[in-house]
Undergrad: 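The structure under discussion is supplied below as structure tokens; questions concerning it will follow.
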There are 2 protein chains.
Amino acid sequence: MDAIDRKILAYVQKGGRDSYAEIGAAVGLSISAVNERLKKLHTCGAIQFWSAAVDPRAVGRPILAYTQVLTAGARSDDVDAFLNAVRRNDAVLECHHVTGRWSYLLKIRTESLESLEALLSGIAAAPGVTQTHTELALSSLKETSVVPLAADGT
Amino acid sequence: MDAIDRKILAYVQKGGRDSYAEIGAAVGLSISAVNERLKKLHTCGAIQFWSAAVDPRAVGRPILAYTQVLTAGARSDDVDAFLNAVRRNDAVLECHHVTGRWSYLLKIRTESLESLEALLSGIAAAPGVTQTHTELALSSLKETSVVPLAADGT
DNA sequence: GATGAAACTCTGGTTTC
DNA sequence: GAAACCAGAGTTTCATC
């Protein structure tokens, strides 16, 4: 993982289907070298998978919410059941164990307020869940999953 | 935007560099048809760009934080300046205007607690910012940007 | 679908540390 | 000596018809 690897990663996060020739031109490498580096970045886990960035609004998933969940006082088994349900539900994009007053922070993307309500009702009623609080996103100034990669870094 | 388009989108969010033949086999289309559909999905904005999903921990960006920002009472110009600074800073992955007690919710990814502290100090000191509150992610059960796409949807 | 053009994979050889 | 890079041939894949 050197500076060239980071340049490649920075590039392919925005140009994931560009040819190896283009990537090579951008980072100063031959086609073969780009091929080898990318293969290595994939096997070492730096590149998890290749993806198309889909606009949620263009495909009918305009509702975005962040839900804080408290599990204090719940049985460990119940919390595990809640987390498994979260893992299986693909409307829940993110689930983080967080510091502070709350236990978990969920990022949720749905088709409508109705489906959000149904999902939140299910979460609030789960045995492992003590309390919830939801904030709705009215608009998004930016929303990316591109990992910042300057020339330095570890 | 029909059911096949949604199947294509669901597929390419996880297999973004697969060949058109593989995509076609998965959704029941010829190579040419996949080619045409993808081109259309790109021009209509459903596919924003192609990307490699990079593991933040594998590239030295392990710190993840969510910061709530209050701008109540601030001058409109100052809030705009804050938002522009946010837009330019690529450590801020997301910025949403949200309902509830806070004005904005920021998702921040940094290399270290030190760089997070520096970033948060800057935000808290901005003229447009009245108050902030930050929660640190201790661990992440899931973190994806894959938009959920069932067979239905709009 | 078929065809020309482009891109990818793999091998072998060279350089560098 | 090992690791990384480059170049070329053969194969696959893509874009246009």
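Just so it is clear, the model here is predicted, and its values are computed rather than measured. Chain A is the first sequence line, chain B the second, and so forth, proteins listed ahead of strands; every chain is numbered from 1.
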Undergrad: Starting from C1' on D/dC5, measure out to CD1 on A/I31 and report it in whole angstrom.
TA: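 Going from A/I31 (CD1) to D/dC5 (C1'), I get 13 Å.
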Undergrad: What is the distance, to the nearest angstrom, from the CG atom on A/D5 to the C1' atom on D/dC5?
TA: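 Going from CG in A/D5 over to C1' in D/dC5 covers 13 Å.
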Undergrad: Check the distance between C/dC8's P and A/L38's CG and give it to me in whole angstrom.
TA: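 The distance from CG of A/L38 to P of C/dC8 comes to 10 Å, rounded to the nearest Å.
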Undergrad: Does D/dA15 have OP1 or OP2 under 4.0 Å away from a side-chain N or O of B/Y20?
TA: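 Indeed, a polar side-chain atom of B/Y20 lies that close.
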Undergrad: Is a donor from one side chain sitting under 3.5 angstrom from an acceptor on the other, for B/E94 and B/H96?
TA: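 Present: a donor and an acceptor within the cut-off.
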Undergrad: If the threshold is 4.0 Å, N to carboxylate O, is there a salt bridge linking A/K142 and B/D90?
TA: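 Result for this pair is no, no salt bridge flagged.
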Undergrad: Starting at atom CG of A/D18, determine the distance to atom C1' of C/dA6, rounded to an integer number of angstrom.
TA: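 Interatomic distance, CG of A/D18 to C1' of C/dA6: 14 Å.
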Undergrad: Report the residue (A/E36 or A/E22) whose heavy-atom-nearest nucleotide on DNA chain C is the more 5′ of the two.
TA: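 Mapping each residue to its closest nucleotide by heavy atoms, the 5'-most match is A/E22.
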Undergrad: Rounded to whole angstroms, how far apart are CH2 on B/W50 and P on D/dC14?
TA: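 Taking CH2 of B/W50 and P of D/dC14, I get 10 Å after rounding.
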Undergrad: Between D/dA4, D/dC14, D/dC5, which nucleotide gets closest to the side-chain atoms of B/S19?
TA: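 Within the option list, the nearest is D/dC14.
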Undergrad: Taking NZ, NE, NH1 and NH2 as the nitrogens, is one of them in A/E143 or A/R109 under 4.0 Å from a carboxylate oxygen of the other?
TA: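 The answer is yes: the pair qualifies as a salt bridge.
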Undergrad: Does A/R17 have a side-chain nitrogen or oxygen under 4.0 Å from the phosphate oxygens OP1 or OP2 of D/dC14?
TA: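 True: A/R17 side-chain N/O within range (under 4.0 Å) of D/dC14 OP1/OP2.
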Undergrad: For the pair B/H97 and B/Y104, name the ring-plane relationship: parallel under 30°, tilted 30 to 60°, perpendicular over 60°.
TA: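 Geometry flag for B/Y104 against B/H97: parallel rings.
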Undergrad: What is the distance, to the nearest angstrom, from the CG atom on A/L41 to the C1' atom on D/dA4?
TA: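 My rounded result for the distance is 14 Å.
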Undergrad: Counting only distance, no hydrogens or angles, is the base of D/dA7 paired donor-acceptor with the side chain of A/S32 under 3.5 Å?
TA: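 It does, because a donor-acceptor pair links the side chain of A/S32 to the base of D/dA7 below 3.5 Å.
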Undergrad: Check every strand shown and say whether A/L29 touches a base, only sugar-phosphate, or nothing at a heavy-atom separation below 4.0 Å.
TA: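 It contacts sugar-phosphate atoms only.
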Undergrad: In this structure, how many angstroms lie between the C1' atom of D/dC14 and the CD1 atom of B/I23, rounded?
TA: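 Taking atom C1' of D/dC14 as the reference, CD1 of B/I23 is at 12 Å.
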Undergrad: Side-chain N or O of A/N35 versus OP1/OP2 of C/dC8: is the shortest distance under 4.0 Å?
TA: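 No, no such contact exists.
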Undergrad: Apply ring pair (Phe, Tyr, Trp, His ring centres under 6.0 Å) to residues A/F49 and A/H42 and explain how you reach the verdict.
TA: CA-CA 8 Å; A/F49 57 89; A/H42 195 251; 9.1 Å; no
Undergrad: Looking at A/K39, I'd like to know whether one of its side-chain N or O atoms comes within less than 4.0 Å of OP1 or OP2 on D/dA4.
TA: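 Indeed not, no polar side-chain atom of A/K39 lies that close.
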